[in-house]
Number of protein chains: 2
Amino acid sequence: MPRDTLNRDQIVKTATDLLDAEGLDGLNMRALGKRLGSAATAVYWHVGSKENLIALAGDQAWNEITLPDLATTDWRTAATQMATELHAMLTRHPWLVQAFGSFVVFGPGKARHDDRSLAVFEAAGFTEAQADQAAASVFTFVLGNALGPAAADSLAKRLSRDSGNAEELMRASMAKAHEIAAQYPRLRARLETASAEYAAAPAETFEFGLAALLDGLEARLAPSTSVRPGTSAAREES
Amino acid sequence: MPRDTLNRDQIVKTATDLLDAEGLDGLNMRALGKRLGSAATAVYWHVGSKENLIALAGDQAWNEITLPDLATTDWRTAATQMATELHAMLTRHPWLVQAFGSFVVFGPGKARHDDRSLAVFEAAGFTEAQADQAAASVFTFVLGNALGPAAADSLAKRLSRDSGNAEELMRASMAKAHEIAAQYPRLRARLETASAEYAAAPAETFEFGLAALLDGLEARLAPSTSVRPGTSAAREES
DNA sequence: GTTCCACTTGCACACAGTTCAAGTCGTTCC
DNA sequence: GGAACGACTTGAACTGTGTGCAAGTGGAAC
């Protein structure tokens, strides 16, 4: 019977919890060690470095995404579902978006997701090269959408960590933004109707843009070559 | 005659140079001080904090973007031009994309850009609310597109800073990615035709996705309400 | 019971952001 | 012309964080 010991999965899980709670800047090895009930440096034996730990946690997050079954779902629905799932996942883990900008996150989890994403667009009737571009377009659209909220989340967490009166600082920075925006007619118009720049129903904006993008992609299919569910896609691992 | 002294603009300019050359992680106050010919701490008197410095440099970058003249350009061309300019700017300053994920970058430069972006879609015939969503969609699409390259750039710079044999580490990490990708049929197919995941003409993918998105947006205009150049848009500051 | 090896620990180093008290040097006011 | 002022600059030092290292520690295998 091995002694009760740390293991990689447990570390990655705990790190994910900490990242969700405290953000990317909020994660430090000593805090992680404390939460794991061991010395900070013990973690290094299992994951090698902080960067690698984040890469592991990041890749794991992709496995939370439920992939659509192409045999029973038409491509448009499947694409929307995947984009929505990804969007939700990135909202749960805003730090992943930040990590994505700092180093390359690519592991089994993302590979699983990417492959299915390509499958969706190939099932739609795109050529390989087109499916590549279509999948990349939708992916980057969703990623870009998550960037703003990720920044806001990161900022909020940092403020509430550093100082007691996070609310006030937040309000001050918002006020300064309003002051600047008020100098431009269209931005000012937005300020008068809504309270904050991003406050205008971000979820609807996401759906709007996604639908528009998918429309545009659909139009790039050879005319009336639309493929019915189950017609061309082979079944694979789900 | 004031003594030859530091000033904010000069600091921001130098910081931008350093950021372009070394990336977001590569910027540190002592290196910046050295490049400015003064002590690291002198910078603090002018910009307050590193975060604020980056925010200043980040906002300044938006001013590099040439805005289209709506009186002489149809909205579709204008939108494409703005997106392309933004894309190019983010390629020149990959650190901005990272900064965008960490804290809110909003200043006069971005406000100037955002306002014109809204103008483009209002000129197209969108309602205010729709223009909001359309502008946000295009913006996030471009931003998302820049995220991958930004990560690659950041990683490359960090590797070449930390160790002599950056090439080898890069190759190793690439090889691991290939190994994972090879387990999925469609990813494997890509590996066999192209050399790397993102190597397949990223510029074309950007244009493809942008055109698709704009098509989708155009379809959301009330049918045949397209607006000719100069018809509805008032002239404003350029 | 000895040896071994997977793991853990505390110490310590390096480096980065930032603060602070003490300068320095033009300018301004008498 | 000199003294007080204030805009800047400086070097030392504090803090927090990632990480290497050498010395443990305890279960398992022979």
Side-chain angles (χ1 to χ4, degrees), chain A residues 1-12 14-15 18-19 21-58 95 98-99 102-103 154-155 157-163 169, chain B residues 1-15 18-19 21-58 95 98-99 102-103 154-155 157-164 169:
Chain A
M1 179 84 61
R3 140 179 68 148
D4 192 32
T5 185
L6 250 42
N7 68 66
R8 179 179 273 208
D9 283 349
Q10 176 195 27
I11 291 175
V12 170
T14 309
L18 210 50
L19 284 165
E22 306 284 347
L24 195 55
D25 318 319
L27 175 72
N28 69 73
M29 301 306 265
R30 307 195 215 255
L32 179 61
K34 184 170 288 182
R35 188 176 277 219
L36 285 164
S38 42
T41 51
V43 175
Y44 280 85
W45 197 91
H46 297 274
V47 300
S49 71
K50 183 183 182 183
E51 174 173 328
N52 192 45
L53 171 60
I54 294 172
L56 289 168
W95 49 271
Q98 291 179 64
S102 302
F103 44 86
S154 171
L155 181 62
K157 274 168 181 153
R158 184 146 33 85
L159 285 183
S160 61
R161 193 166 47 242
D162 289 358
S163 72
L169 289 175
Chain B
M1 182 83 63
R3 140 179 67 149
D4 193 31
T5 185
L6 249 42
N7 69 66
R8 179 180 274 206
D9 283 349
Q10 175 196 30
I11 291 176
V12 171
K13 177 79 166 53
T14 309
L18 209 50
L19 284 165
E22 306 285 347
L24 195 55
D25 316 320
L27 175 72
N28 70 73
M29 301 307 265
R30 305 192 219 257
L32 179 60
K34 184 169 288 181
R35 188 176 278 219
L36 284 164
S38 43
T41 51
V43 176
Y44 280 85
W45 198 91
H46 296 275
V47 301
S49 72
K50 183 183 183 183
E51 174 173 328
N52 192 45
L53 171 61
I54 294 172
L56 289 168
W95 49 270
Q98 292 179 63
S102 303
F103 44 85
S154 171
L155 182 62
K157 274 169 181 153
R158 184 147 32 87
L159 285 183
S160 61
R161 193 168 46 243
D162 288 359
S163 71
L169 289 175

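Proteins come first, then strands; the chains are lettered A, B, ... in the order of their sequence lines, and each starts at number 1.
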For [X] and [N], give me the distance from atom [atom1] to atom [atom2], rounded to whole Å.
X         : N       : atom1 : atom2 : answer
Met29(A)  : dT8(C)  : CE    : C1'   : 14 Å
Glu22(B)  : dA16(C) : CD    : C1'   : 15 Å
Ile11(A)  : dC7(C)  : CD1   : C1'   : 11 Å
Asn7(B)   : dG26(C) : CG    : C1'   : 17 Å
Asp162(B) : dA16(C) : CG    : P     : 11 Å
Leu27(B)  : dG17(C) : CG    : P     : 7 Å
Asn28(A)  : dT19(D) : CG    : P     : 12 Å
Lys34(A)  : dG18(D) : NZ    : P     : 14 Å

Check salt bridge (charged side-chain N to carboxylate O under 4.0 Å, His left out) between Lys34(A) and all other residues, then give those that pass, not counting sequence neighbours. none

Give me the residues of residues 40-56 of chain A where at least one heavy atom lies under 4.0 Å from an atom of DNA chain D, by number, or none. Thr41(A), Tyr44(A), Ser49(A), Lys50(A)

For Leu18(A) and Ala31(A), work out which heavy atoms get closest and say how close.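 Reported closest heavy-atom pair: CD2-C, 4.2 Å.
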
Is Arg30(A) side chain donor-acceptor paired with the dG18(D) base, going by distance under 3.5 Å alone?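 Pair found.
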
Listed by chain and number, what are the side chain to side chain contact (heavy atoms under 4.5 Å, CB included) partners of Asp9(B), not counting sequence neighbours? Asn7(B)

For Ala21(A), all residues meeting side chain to side chain contact (heavy atoms under 4.5 Å, CB included), sequence neighbours excluded: none

Under 3.5 Å, sequence neighbours excluded: what are the donor-acceptor pairs made by side chains of residues 43-57 of chain B?
| residue | atom | partner | partner atom | Å |
| --- | --- | --- | --- | --- |
| Ser49(B) | OG | Asn52(B) | N | 3.1 |
| Lys50(B) | NZ | Leu27(B) | O | 2.9 |
| Glu51(B) | OE1 | Arg158(A) | NH1 | 2.4 |
| Asn52(B) | ND2 | Val47(B) | O | 2.8 |

By the 4.0 Å heavy-atom rule, please label Leu36(B) as base, sugar-phosphate, or nothing.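 No contact.
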
Pairwise side-chain contact, Leu24(A) with Ser154(A), heavy-atom cut-off 4.5 Å (strictly under): no

